[in-house]
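The structure appears right after this line, and notes come after that.
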Amino acid sequence: MSLSLNQSRGVVYQYFLSEGWLPVGTTTQNWDQVKLGDMGIDDPALPSDPHMQKQRIALDLQRFFVVLGSSVASAKNFLKGKTKTLKELAEWLHQNQA
């Protein structure tokens with residue numbers, strides 16, 4: 001069963017809110033316009049694993065989709081796009097469900 005776009009948006013919002021990734025000034029009205037580069041993911045990067053936090057976020061999101069009855073491809077490469085927004089991430093996750 002695939003999650004709807006609104007459900008996918010809810011997963012993204014709840015995840016980043018509960019994990020403390022949303023920057024100061026983020027509201028329920030503008031959270032989806034937050035850019036990945038504004039959240040400091042892997043900044044600074046570990047020399048031995050420059051995308052460790054991106055991998056963790058991607059795995060966490062996959063886990064939430066499974067818990068909700070769906071599955072989704074890893075978003076690790078998507079998370080490397082610093083100009084991408086959380087809205088675009090939610091849309092990507094919605095479109096890449098198996």
Side-chain angles (χ1 to χ4, degrees):
M1 174 183 125
S2 293
L3 301 185
S4 70
L5 179 55
N6 278 341
Q7 290 170 319
S8 298
R9 288 173 49 85
V11 168
V12 170
Y13 175 70
Q14 288 297 321
Y15 175 74
F16 284 102
L17 178 66
S18 67
E19 291 295 315
W21 282 109
L22 297 177
V24 173
T26 303
T27 67
T28 55
Q29 290 78 33
N30 70 5
W31 72 270
D32 60 349
Q33 297 307 309
V34 171
K35 293 183 177 158
L36 296 172
D38 294 337
M39 291 192 287
I41 301 169
D42 288 318
D43 187 20
L46 294 175
S48 61
D49 192 355
H51 301 292
M52 181 186 75
Q53 290 177 320
K54 290 176 190 76
Q55 179 65 32
R56 159 111 192 270
I57 291 168
L59 287 171
D60 286 346
L61 290 170
Q62 283 181 305
R63 181 173 46 96
F64 285 120
F65 271 75
V66 167
V67 167
L68 294 169
S70 184
S71 64
V72 68
S74 174
K76 180 181 174 184
N77 287 332
F78 186 93
L79 293 167
K80 293 177 184 178
K82 293 185 180 263
T83 61
K84 302 283 188 180
T85 65
L86 291 181
K87 177 181 179 180
E88 292 171 308
L89 174 60
E91 291 170 350
W92 186 91
L93 290 166
H94 174 67
Q95 294 167 356
N96 286 278
Q97 293 178 81

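Computed from heavy atoms alone, side chains included, the values below leave out hydrogens, waters and symmetry copies.
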Do Leu36 and Leu79 touch side chain to side chain, with heavy atoms closer than 4.5 Å? yes

Is there a side-chain contact between Glu19 and Arg56, using heavy atoms and a 4.5 Å cut-off? yes

Nearest heavy atoms of Ser2 and Ala98, plus distance in Å: OG-O, 4.5 Å

Quick one: do Ile57 and Ile41 satisfy side chain to side chain contact (heavy atoms under 4.5 Å, CB included)? Show the steps, please. CA-CA 9 Å; Ile57 291 168; Ile41 301 169; 3.7 Å; yes

Would you say the side chain of Tyr15 lies within less than 4.5 Å of the side chain of Arg63, judging by non-hydrogen atoms? no

What's the separation between atom NZ in Lys80 and atom NZ in Lys54, rounded to the nearest 0.5 Å? 7.5 Å

Got a second to check how far Gln7's CD is from Leu93's CG, nearest 0.5 Å? 13.0 Å

Compare every heavy atom of Ala75 with every heavy atom of Ala58, then report the nearest pair and how far apart it is. CB-N, 3.8 Å

Identify the two heavy atoms, one from Pro23 and one from Met39, that lie closest to each other, and give their separation to 0.1 Å. CD-CG, 4.1 Å

Can you tell if the side chain of Tyr13 reaches within under 4.5 Å of the side chain of Asp32, non-hydrogen atoms only? no

For Ser74 against Trp92, the heavy-atom pair lying closest together: O-CH2, 3.2 Å

Stepwise side chain to side chain contact (heavy atoms under 4.5 Å, CB included) check, Phe64 with Leu3: CA-CA 11 Å; Phe64 285 120; Leu3 301 185; over 6 Å; no

Heavy-atom check, side chain of Leu86 versus side chain of Leu22, under 4.5 Å: yes

Side-chain donor/acceptor of Asn30 to backbone N/O of Thr27, under 3.5 Å: yes

With a cut-off of 6.0 Å (strictly less than), are more than 12 heavy atoms of other residues, nucleotides or ligands near NZ of Lys35? no

For residues Thr83 and Glu88, report the shortest heavy-atom separation together with the two atoms involved. O-OE1, 4.1 Å

Do you reckon Leu5 sits in the same ILVMFWY cluster as Val34, going by side-chain contacts under 4.5 Å, direct or chained? no

Side chains of Gln62 and Ser71: closer than 4.5 Å at any heavy-atom pair? no

For the CG atom of Leu46 and the CD atom of Gln53, what is their distance to the nearest 0.5 Å? 7.5 Å

Work out which heavy atom in Met1 is nearest to a heavy atom in Gln97; give both atom names and the distance. O-OE1, 4.5 Å

Would you say Lys87 and Gln33 make side-chain contact, with heavy atoms under 4.5 Å? yes

I'd like to check Leu61 versus Phe78 (side-chain heavy atoms, cut-off strictly below 4.5 Å). Are they in contact? no

Could you go step by step and tell me if Val12 and Arg9 meet the side chain to side chain contact (heavy atoms under 4.5 Å, CB included) rule? CA-CA 5 Å; Val12 170; Arg9 288 173 49 85; 5.8 Å; no

Using modelled atom types only, decide if a donor and an acceptor are shared between the side chain of Ser70 and the backbone of Val66 within a distance under 3.5 Å. no

Quick one: CD on Glu91 to OG on Ser8, what's the gap to the nearest 0.5 Å? 10.0 Å

For the NZ atom on Lys76, are there more than 12 heavy atoms of other groups (residues, nucleotides or ligands in this structure) within a distance under 6.0 Å? yes

Would Leu17 and Phe65 show up in the same hydrophobic cluster when neighbours are defined by side-chain heavy atoms closer than 4.5 Å? yes

Say whether, by atom type as modelled, one donor and one acceptor occur between the side chain of Gln55 and the main chain of Met52 under 3.5 angstrom. no

